[in-house]
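To keep things clear, I will list the structure first and then write my remarks on it.
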2 protein chains.
Amino acid sequence: MKLSSEQIKQKLKDAGLRVTPQRHAILEAVYTLGNHPSAEQVIDFIRVRYPGIATGTVYNVLDVMVESGLVKRVKTDKDAMRYDAIMNRHHHIYCAESDRIEDYFDEELDELLQAYFRKKKLQDFKIEDIILQIKGNFNDNSE
Amino acid sequence: MKLSSEQIKQKLKDAGLRVTPQRHAILEAVYTLGNHPSAEQVIDFIRVRYPGIATGTVYNVLDVMVESGLVKRVKTDKDAMRYDAIMNRHHHIYCAESDRIEDYFDEELDELLQAYFRKKKLQDFKIEDIILQIKGNFNDNSE
DNA sequence: TTCTTAGATAAGAATGATTCCTATATAAGA
DNA sequence: TCTTATATAGGAATCATTCTTATCTAAGAA
Ligand SMILES: [Mn+2]
Ligand SMILES: [Mn+2]
Ligand SMILES: [Zn+2]
Ligand SMILES: [Zn+2]
């Protein structure tokens with residue numbers, strides 16, 4: 001997804017965060033890259049135009065954005081964390097033989113799940129979020 | 001879950017793996033520890049009785065066991081990988097404020113999901129596994 | 001506008017989980 | 001018992017992430 005500079009700034013403000021060039025660049029990168037970039041991908045993307053940004057800053061800012069609800073972490077089998085700027089409810093399709101992670105949106109499924117867990121209460125647990133990990137293989141082998 | 005020495009040996013053989021004391025100890029550890037231990041927990045557990053085991057061996061063997069379908073990796077927000085010896089279909093309840101990960105078994109839910117995805121085919125994707133990440137908070141704060 | 005300062009960043013060292021390397025050991029079939 | 005493909009020990013190396021500290025700056029106050 002592509003956001004205007006103004007939209008990015010507004011998102012930072014709405015989250016109660018100071019607007020800095022670094023934060024602006026990082027949030028823009030996560031949106032522009034799409035498909036759940038790693039911190040390293042964010043860094044590489046930003047350094048083209050903004051070579052000075054410190055590695056640690058990117059990690060710090062991504063953490064802050066996760067805490068503020070601007071991005072989400074995407075769990076992985078691998079060592080590197082992945083990030084997601086799409087905050088709408090959706091699920092993830094993991095390719096078994098590559099690092100590809102695709103989004104899966106499906107309101108009907110979400111309603112099904114919500115209805116199910118409204119009925120079948122988990123005792124002693126307050127559900128905040130339910131995300132499906134759908135694992136398998138893409139028939140075509142493209143990206 | 002507790003397995004006899006014979007059961008462990010048999011599982012290794014069935015998976016086509018050579019039976020070594022290290023592999024025996026590691027598989028036993030993952031079963032005995034339960035609750036999705038990290039490699040470090042496995043190492044600590046084993047070293048009590050078997051101090052000589054090498055760190056790298058544990059990582060190697062865990063990888064081999066994942067490839068052989070003896071254990072599964074459990075995805076996490078954190079840096080350390082977690083492992084699961086329970087190969088029956090089940091889902092995971094993640095505590096938002098600790099590293100606690102509980103199992104969630106529910107055949108009714110599994111049938112619901114299966115039926116759903118049988119109907120709503122994902123194009124160009126062959127589903128191998130669907131696992132729910134249920135995130136939230138435990139009311140009681142115990143382990 | 002200028003001042004103030006809590007909070008943010010740069011730079012690079014440190015950490016910690018995991019992987020790699022290679023000499024040695026061993027499971028298990030012949 | 002022999003053989004050898006495979007596994008392990010031991011320790012160095014890697015690499016994602018975190019930490020530390022000096023410096024800088026966003027943004028509210030004056
Ligand atoms: Mn790490
Ligand atoms: Mn790591
Ligand atoms: Zn996503
Ligand atoms: Zn489990």
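All chains are named by letter (A, B, ...) in the order of the sequence lines, taking the proteins before the strands, and each is independently numbered beginning at 1. Side chains are part of it too, since the values below use all heavy atoms of this structure and drop only hydrogens, waters and symmetry mates.
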Return all side-chain donor-acceptor pairs below 3.5 angstrom for residues 17-25 of chain B, not counting sequence neighbours, or 'none' if the list is empty.
unit_1: B/T20; atom_1: OG1; unit_2: B/R23; atom_2: N; d: 3.0
unit_1: B/Q22; atom_1: NE2; unit_2: B/Y50; atom_2: OH; d: 2.9
unit_1: B/R23; atom_1: NH1; unit_2: B/R18; atom_2: O; d: 3.1
unit_1: B/H24; atom_1: NE2; unit_2: B/S5; atom_2: O; d: 3.3
unit_1: B/H24; atom_1: NE2; unit_2: B/S5; atom_2: OG; d: 2.9

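- The side chain of B/R23 lies closest to D/dT8 when the candidates are D/dT8, C/dT9, C/dT18.
- Contacts between residues 64-75 of chain A and DNA chain D, counted as heavy-atom distances below 4.0 Å, involve no residue at all.
- For B/Q114, the side chain to side chain contact (heavy atoms under 4.5 Å, CB included) partners at least two apart in sequence or on another chain are B/R118.
- The phosphate of D/dT17 (OP1 or OP2) has a side-chain N or O of A/Y59 nearer than 4.0 angstrom.
- With sequence neighbours left out, B/K11 forms a salt bridge (Lys or Arg N to Asp or Glu O under 4.0 Å) with no residue at all.
- Summarising the geometry, the separation between CG on B/L62 and P on C/dA17 is reported as 14 Å, rounded to the nearest angstrom.
- The side chain to side chain contact (heavy atoms under 4.5 Å, CB included) search around B/E108 returns A/Y116, A/K119, A/K120, B/D106, not counting sequence neighbours.
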Which atom pairs link the protein and nucleotides 24-30 of chain D when you take only N or O atoms and keep those under 3.5 Å?
unit_1: D/dA26; atom_1: O3'; unit_2: A/V19; atom_2: O; d: 3.4
unit_1: D/dA27; atom_1: OP1; unit_2: A/V19; atom_2: N; d: 2.6

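- Applying the ring pair (Phe, Tyr, Trp, His ring centres under 6.0 Å) test to B/Y83 and every residue at least two apart in sequence or in another chain returns nothing.
- With sequence neighbours excluded, the residues that form a side chain to side chain contact (heavy atoms under 4.5 Å, CB included) with B/Q41 are B/L33, B/P37, B/S38.
- A donor atom on one side chain and an acceptor atom on the other are found under 3.5 Å apart for A/D103 and A/H92.
- For B/Y59, the side chain to side chain contact (heavy atoms under 4.5 Å, CB included) partners at least two apart in sequence or on another chain are B/A39, B/I43, B/T55.
- Using five terminal pairs a side, the axes of the helix from C/dT1-D/dA30 to C/dA30-D/dT1 at its two ends make an angle of 40°, given in steps of 10 degrees.
- Counting all heavy atoms, side chain and backbone alike, B/F138 lies closest to B/R100 at CG-NH1, 3.5 Å.
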Q: Kindly indicate, with the supporting measurements, whether the criterion side chain to side chain contact (heavy atoms under 4.5 Å, CB included) is fulfilled by B/R73 and B/L62.
A: CA-CA 9 Å; B/R73 272 189 252 273; B/L62 286 170; over 6 Å; no
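- Going from atom CG of A/D79 over to atom C1' of D/dA13 covers 15 Å, rounded to whole Å.
- The two residues A/A29 and A/F45 make their nearest non-hydrogen contact at CB-CD2, 3.5 Å.
- Taking the six-membered ring where tryptophan is involved, the planes of B/Y104 and A/F117 are tilted, since the angle between them lies from 30° to 60°.
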Would you list the atom pairs, donor with acceptor, under 3.5 Å between side chains in residues 65-72 of chain B and any protein atom, with sequence neighbours excluded?
unit_1: B/S68; atom_1: OG; unit_2: B/V64; atom_2: O; d: 2.7
unit_1: B/K72; atom_1: NZ; unit_2: B/D129; atom_2: OD2; d: 3.0

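- DNA chain D lies under 4.0 Å from at least one heavy atom of each of the following residues of residues 48-58 of chain B: B/Y50, B/G52, B/I53, B/A54, B/T57.
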